[in-house]
Number of protein chains: 2
Amino acid sequence: MNRFLSHATNRIDAKGRVSVPSAFRAVLSDGGVRELYCFQDFVFPAISVGGPELLDRFEKQMAAEDPFSDVANQMSLLVHGGGVFVKLDPEGRLMVTDFIRDFTGISTDVTFVGRGDHFQLWEPQAFARAQAEAREGRKQRGLRPE
Amino acid sequence: MNRFLSHATNRIDAKGRVSVPSAFRAVLSDGGVRELYCFQDFVFPAISVGGPELLDRFEKQMAAEDPFSDVANQMSLLVHGGGVFVKLDPEGRLMVTDFIRDFTGISTDVTFVGRGDHFQLWEPQAFARAQAEAREGRKQRGLRPE
DNA sequence: GCTTCTCCCATTGACGCCCATATGGTCCCA
DNA sequence: TGGGACCATATGGGCGTCAATGGGAGAAGC
């Protein structure tokens, strides 16, 4: 498996650390990634986390926009300036900083959500709500797998 | 037989495991599938289960969208983040997790329902009701395919 | 010198793997 | 045609392994 898939919820310990799910760590080590870059999602109250190639992806998106547009300007501000580096400890845990807590509402537990080429940190209940809304919207548009 | 057909109900044991019907396992082993991906159905209170190619189908659909649109973002949230991996043990059983129980209402028994290229997990009575309703609706509309 | 972060080790609880048993159905033979 | 042996599937439980978590000690920064 070379993509971030599925979701899992882990608890933050007394020191403010939380284990990254084993499956996600496997994807990271496959890519030889030891240092992670994260920033605020544009739509959801979630922190996106990924290796350096995640930056590439957003820079491609920005290149597709008019480079002087408001959209591109704001994206750069968020992605380039708003991002934070995060390191994993030997057990594969990361520190949940105030940067993460304030934006997501995370307090005691973190839901890790796979998004294919990256993953996200969510406050568990916020994730449940967003998922329910997405499912509802999808139902109305009639997008079904079958 | 290379498709998932018919249905069967098995009991969950004390450890929360349930045997996948032999006929379904045969279809899986034909495809060499050992790890399954599953997610919540968009219409019914059922969990859809299939091999990795089930995921591919959704990703093709996502690729057709503007990759950075809200629609694609929501689909990724549901498909990438909303899915769960399930492994079969050597006897062909799977764990019935809370993820499955909460969405389907399954408690002690599971009805496995073939859906052609994938199969679903249902709470037995919910399946009986949905089937009855489908039959009724079909009758009124004059027997059309879905 | 005190706080904060990083590394290391211990614990525990869940899950995967193994073997044993039950049950129902089929085939063979008398 | 009836009985019995055999086989496959479903089910139950023991045990080892690994991931998640908790806490302590050393190192680095304020």
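Residue numbers start from 1 in every chain, and the chains themselves are labelled A, B, ... in the order their sequence lines are given, proteins ahead of strands. No experiment lies behind these values; they were computed from the predicted model shown.
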Which residues pass the side chain to side chain donor-acceptor pair (under 3.5 Å) test with D56(A), not counting sequence neighbours? none
Please list all pairs meeting side chain to side chain donor-acceptor pair (under 3.5 Å) that have one or both residues in residues 37-50 of chain A, counting only residues at least two apart or in different chains. D41(A)-Q120(A), S48(A)-Q120(A)
Give the table of side-chain donor-acceptor pairs shorter than 3.5 Å for residues 124-131 of chain B, with sequence neighbours excluded, one pair per line with atom names and distance.
none

Taking only distance into account, with no hydrogens and no angle test, what donor-acceptor pairs under 3.5 Å do side-chain atoms of residues 83-93 of chain B form with protein atoms, sequence neighbours excluded?
residue: D89(B); atom: OD1; partner: E91(B); partner atom: N; Å: 2.9
residue: D89(B); atom: OD1; partner: G92(B); partner atom: N; Å: 3.0
residue: D89(B); atom: OD1; partner: R93(B); partner atom: N; Å: 2.9
residue: D89(B); atom: OD2; partner: R93(B); partner atom: NE; Å: 3.1
residue: E91(B); atom: OE1; partner: R93(B); partner atom: NH2; Å: 3.4

How close do F99(A) and G82(A) get, counting heavy atoms only, and between which atoms? CZ-O, 3.3 Å
Which residues in residues 98-121 of chain A have a heavy atom closer than 4.0 Å to any atom of DNA chain C? none
Rounded distance (Å) that lies between atom C1' of dC7(C) and atom CG of L94(A): 16 Å
Could you list the residues that satisfy ring pair (Phe, Tyr, Trp, His ring centres under 6.0 Å) with F103(B), not counting sequence neighbours? none
Axis-to-axis angle across the helix from dG1(C)-dC30(D) to dA30(C)-dT1(D), five pairs an end, to 10 degrees? 10°
Taking salt bridge (Lys or Arg N to Asp or Glu O under 4.0 Å) as the test, write out the residues that go with E53(B), two or more places apart. none
With sequence neighbours left out, write down each residue that passes side chain to side chain contact (heavy atoms under 4.5 Å, CB included) with S76(A), or none if nothing qualifies. M62(A), H80(A)
Sorted by chain and residue number, the side chain to side chain contact (heavy atoms under 4.5 Å, CB included) partners of R25(B) (sequence neighbours excluded) come out as V20(B), S22(B)
Reading nucleotides 8-20 of chain D from 5' to 3' and marking B where a protein heavy atom lies under 4.0 Å of the base, S where only the sugar-phosphate is that close, and - otherwise, the string is -SSBBBBB---SS
Tell me the side chain to side chain donor-acceptor pair (under 3.5 Å) pairs involving residues 96-112 of chain B, sequence neighbours left out? T9(B)-T111(B)
